[in-house]
Amino acid sequence: MTGPGSTSPLYATFSRADVAFERGEGAWLIDSRGERWLDFGSGIAVNALGHAHPHLVATLKAQAEKVWHVSNAFRIPDQERLAERLVANSFADRCFFTNSGAEALECAFKTVRRYHWANGHPERFRIITMEGAFHGRTLATIAAGGQEKYLEGFGPKVDGFDQVPFNDMAAVKAAVTAETAGILVEPIQGEGGVRVIPPESLRALRQICDEHGLLLIFDEVQCGYGRTGRFFAYEWSGVTPDVMAVAKGIGGGFPLGACLATEAAAAAMKAGVHGTTYGGNPLAMAVGNAVLDVVLADGFLERVRAASLRFKQSLAGIVDRHPDLFEEVRGEGLLIGLKCKRPVAEMNAAFRGQHLLTIAAGDGVVRLLPPLIVTDEEILEAVKRIDDAAVALSASSSAALKAAAARSA
Ligand SMILES: *Cc1c(COP(=O)(O)O)cnc(C)c1O
């Protein structure tokens, strides 16, 4: 199944499946033929509250009848309110709203560079990043991510990013020079294959930053906002960054991102230094506050942790049952990776064959990212579909083996 072919006027940048969804309800999507799909991809960790959440729908409709957009040349009360709430619930003192994750990271890079510039060190502009990272698709964020497949053909790589092997603290230390401004990591790599940076490594990064006067930047675009069962993933380690990029779940499907920073880190970001046309507009801020109402409600994050435990235990059973197909379950909360022994594209297609939506990642991993409101019944249904897909795959490969043996006999 492939999507719109060579006659499509769209850029061919996405290889699309030939399915179009018309509506959604919680963890379910309904396609144009009326078929139901269990959505364990959540638009890549975006639909944190599932589809058509009543509180988000009501808020969006009400705001749509008031005002959609005003420029950041004016006060936007809901923007101030969302920033106050984010600051009250994180390490941060300051907040800049964007429309996407990549823009949140661009703001983080500018914040870090400007901090050193304002402190008399304009030569400090380089940022250390980790292999396997994904930070977005702008020219600076592909340089930060460092993946050749995203850099190829786009001219000289934006200068100022130095990559070290994943979770190699000795390499991080060795990479620090007089030009280093900061260190950037995802506490849990999403695209990279649900790879967790251990808490002791995050502590080591914090220590290296403190020793050398560097700023620590976390990319919690994917792992933040309740996805791991804490509001932010860094809370599991107790290590706080100086600057952090957030997006995906923060808008529940409305394009929204944020760069959070300490007072000291953000001090040099004065009037006129940075800007955005759409970022933080009233429509986005109404929805952002509504998402936060739900995520910060009593018991919500506890429920994510309970759902995670149940899901991971069931998945461990699946790995035991199909050692030919699966190697391990990894991740935290509802950011779960299933490490596969077959090509990820093949596994993803097999799950899709059961009308279960999952997301491919690096390192041989299929990502399972259900909406955070997923029920126990839906988790059990997903596990059943994964098991059914595995049984079908094993049956077809043993049939293929028999056929090959028969041919060679
Ligand atoms: C998705 C993602 C980004 C980029 O976000 P966009 O909204 O696509 O620009 C950056 N970092 C991480 C960790 C992501 O998962």
Side-chain angles (χ1 to χ4, degrees), residues 11 13-14 41-48 96-112 127-147 149-151 154 158 161 163 166-167 182-197 202 205 216-228 232-234 241 243-260 276-280 284 287-288 291 330-337 358-363 365-369 372:
Y11 266 40
T13 47
F14 300 102
S42 301
I44 319 189
V46 167
N47 303 104
F96 183 95
F97 291 105
T98 67
N99 313 288
S100 67
E103 285 171 280
L105 280 142
E106 292 274 350
C107 179
F109 302 155
K110 288 176 77 173
T111 301
V112 167
I127 293 172
I128 297 172
T129 68
M130 266 182 203
E131 275 174 20
F134 181 80
H135 299 299
R137 296 295 200 108
T138 62
L139 288 170
T141 52
I142 56 175
Q147 297 196 42
K149 64 179 175 184
Y150 297 144
L151 286 160
F154 296 121
V158 170
F161 298 96
Q163 200 152 56
F166 179 76
N167 193 33
I183 302 174
L184 166 65
V185 293
E186 296 159 79
I188 302 179
Q189 285 191 350
E191 294 290 313
V194 191
R195 295 200 293 175
V196 181
I197 301 195
L202 293 179
L205 291 175
L216 182 59
I217 313 155
F218 285 166
D219 178 348
E220 292 220 16
V221 169
Q222 188 160 156
C223 63
Y225 241 74
R227 181 53 53 189
T228 68
F232 291 113
Y234 71 74
V243 181
M244 184 166 79
V246 183
K248 294 204 162 96
I250 190 176
F254 198 96
L256 178 55
C259 178
L260 309 185
T276 169
T277 299
Y278 292 114
V287 176
V291 171
R330 49 164 91 154
E332 201 66 73
L334 293 173
L335 173 50
I336 296 179
T358 57
I359 313 271
D363 201 29
V365 165
V366 172
R367 265 175 294 176
L368 302 164
L369 307 164
L372 306 181

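All values derive from a computational prediction rather than experimental measurement. Atoms within a ligand are numbered from 1 in the order they appear, just like the ligands themselves. For this chain, numbers begin at 1 and follow the sequence in order.
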**Q** Are Phe134 and Gln222 side-chain neighbours, meaning at least one heavy-atom pair lies under 4.5 Å?
**A**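 Sidechains of Gln222 and Phe134: no contact.
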**Q** Any donor-acceptor pair under 3.5 Å linking the side-chain atoms of Thr276 with those of Glu103?
**A**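 No, because no side-chain N or O of Glu103 sits under 3.5 Å from a partner of the opposite role on Thr276.
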**Q** Got Arg227 and Leu369 here, is their nearest side-chain heavy-atom distance under 4.5 Å?
**A**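 Heavy-atom side-chain distance check passes, below 4.5 Å.
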**Q** Would you say Leu256 and Val291 make side-chain contact, with heavy atoms under 4.5 Å?
**A**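 The answer is no; the side chains never approach within 4.5 Å.
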**Q** The test is side-chain contact (heavy atoms from CB on, under 4.5 Å); show your working for Val194 and Ile336 and say whether it passes.
**A** CA-CA 7 Å; Val194 191; Ile336 296 179; 5.9 Å; no
**Q** Decide if atom OH of Tyr278 counts as having more than 12 heavy atoms of other residues, nucleotides or ligands within a radius under 6.0 Å.
**A**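 No, because the 6.0 Å sphere around OH of Tyr278 holds 12 heavy atoms or fewer from other groups.
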**Q** Might you list the protein residues in contact with ligand 1, defined as having a heavy atom under 4.0 Å from one of its atoms, sorted by chain and number?
**A**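 Answer by chain and number: Ser100, Gly101, Ala102, Leu105, Phe134, His135, Gly136, Glu186, Asp219, Val221, Gln222, Lys248.
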